[in-house]
Each structure stands twice: as C-alpha cells, then as structure tokens.
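Residue numbers count from 1 along this sequence.
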Amino acid sequence: MINITQVLSGEHQIILSVIDATLKACTEIENGKALNQEYFIKTVDFIKNYADKFHHAKEEDILFTAMLKNQELMHCNPIPVMLHEHDEGRKCVKGMEHALSENAVDELIEYARAYCMLLENHIYKEDNVLYPMAEAALSDKEKEEVNRKYQEVELKLNEEMNLSALSSF
C-alpha cells in the first residue's frame with residue numbers, strides 16, 4: 001500500500017521542533033533575556049521557506065488538489081479550514097517580520113506565540129484527520145501520482161532554496 005502522507009508528517013516533526021525552540025525563546029525573553037534577533041530572523045526564514053514554500057506548497061498544490069477530485073469519498077471537506085489556517089499563519093509571519101523591523105519585542109512575542117499555537121493545532125488536525133482521510137480517499141494510482149509530484153517539487157525547491165542550508169537551523 002502506498003503512503004502519501006508519511007513524508008508530510010515527517011516534515012511536521014521538523015516544523016514542531018522549530019516551534020518548540022521558538023516558544024522557549026519567547027519564554028526566555030519574557031523572563032528577562034535579551035532578544036536574539038538573529039534567531040528570530042532565521043525562524044521567519046525557516047517558516048517562509050520550509051514550512052510555507054516547501055511543505056505547504058506540497059499540501060496545497062498537490063495533496064489538496066488530489067483530495068478535491070475525490071470529495072465524494074470523504075465524509076466532510078476540511079480543506080477550506082486548512083487553507084484558511086495556512087493564510088492565518090502567513091499573517092502571523094508578516095507580523096513577526098514587522099515587529100523585527102521595528103524592534104517591537106512584545107509584538108514579536110505575540111505574533112510568534114500566535115503562530116506556534118496555530119501550527120501546533122493545525123498539524124494535529126492534519127496528522128489525525130486530514131491525512132488519514134487522504135489515505136482512504138485516494139486510489140493507489142492517484143497516490144503514485146501524488147508521490148511523483150512531491151518528488152518533482154522537492155527537486156525543484158531544493159535547487160531554488162538550497163534546503164540543505166536549513167538543516168543548520
């Protein structure tokens with residue numbers, strides 16, 4: 001049996017590790033530690049390039065598209081909620097960028113915590129509701145096509161973004 005969500009769940013674990021580190025950094029600042037602006041700049045870069053451009057692109061452009069072709073096999077359609085949450089996450093990242101540019105530490109923490117909470121809940125829903133639904137709704141042939149498209153996107157984005165540099169995060 002072909003699995004099309006295991007790779008995405010693996011990417012979630014990477015994103016969650018950055019979320020954990022970001023929440024820790026927020027707490028440290030709240031407890032009096034100076035802002036490590038370089039850390040938050042790297043975090044924003046990671047979110048924009050890995051979480052959004054790399055991971056969310058595979059979900060939105062490939063997985064969700066395939067699932068929508070099989071809506072009749074799903075007991076409901078959670079995709080509009082997932083897309084809305086992706087957009088909400090992008091708004092939080094813009095808020096983080098603005099706060100960094102203005103050196104507004106309280107605002108930065110507010111947006112960073114909002115992003116982290118949103119993504120923790122979002123990832124839980126995807127891993128426990130959306131992904132099992134995708135596995136059940138798609139045929140093996142459709143899954144093969146989804147995996148092929150993932151590989152194409154990964155190759156293209158690896159070249160464009162030098163994702164190996166993100167591994168030093």
Tell me, do [X] and [Y] make a side-chain contact under 4.5 Å, heavy atoms counted?
X      : Y      : value
Ile14  : His55  : no
Met133 : Pro78  : yes
Tyr39  : Glu28  : no
Gln6   : Tyr131 : no
Ile19  : Leu16  : yes

How long is the span from the [atom1] atom in [X] to the [atom2] atom in [Y], to the nearest 0.5 Å?
X      : Y      : atom1 : atom2 : answer
Thr5   : Glu126 : OG1   : CD    : 10.5 Å
Lys125 : Met82  : NZ    : CE    : 4.5 Å
Ile15  : Asp52  : CD1   : CG    : 9.5 Å
Leu130 : Leu8   : CG    : CG    : 9.5 Å
Cys26  : Leu108 : SG    : CG    : 6.5 Å
His56  : Glu59  : NE2   : CD    : 5.0 Å

Between [X] and [Y], which heavy-atom pair has the shortest distance, and what is it?
X      : Y      : answer
Ile29  : Ala34  : CG1-O, 4.3 Å
Ala57  : Lys53  : CB-O, 2.9 Å
Pro132 : Asp127 : CD-O, 3.4 Å
Glu85  : Leu118 : O-CD2, 3.5 Å
Tyr115 : Gly89  : CD1-O, 3.6 Å

* Would you please name every residue forming a salt bridge (Lys or Arg N to Asp or Glu O under 4.0 Å) with Glu30, sequence neighbours left out? => Arg113
* Find out if a path of hydrophobic residues (ILVMFWY) with successive side-chain heavy-atom gaps under 4.5 Å connects Leu119 to Met117. => no
* **Hydrophobic cluster identity match, Tyr124 and Leu83, side-chain contacts under 4.5 Å** => no
* To do: From the options Lys58, Lys149, Glu135, Glu144, select the one residue that forms a side chain to side chain contact (heavy atoms under 4.5 Å, CB included) with Ile4.
  => Glu135
* **Where at least one partner belongs to residues 60-70, residue pairs that pass salt bridge (charged side-chain N to carboxylate O under 4.0 Å, His left out), sequence neighbours excluded** => Glu60-Arg90
Show the atom names and distances, to 0.1 Å, of all donor-acceptor pairs under 3.5 Å that link a side chain in residues 91-106 to residues at least two apart or in another chain.
| unit_1 | atom_1 | unit_2 | atom_2 | d |
| --- | --- | --- | --- | --- |
| Lys91 | NZ | Glu88 | OE2 | 3.2 |
| Glu97 | OE2 | Lys48 | NZ | 2.8 |
| His98 | ND1 | Glu107 | OE2 | 3.2 |
| Ser101 | OG | His98 | O | 2.7 |

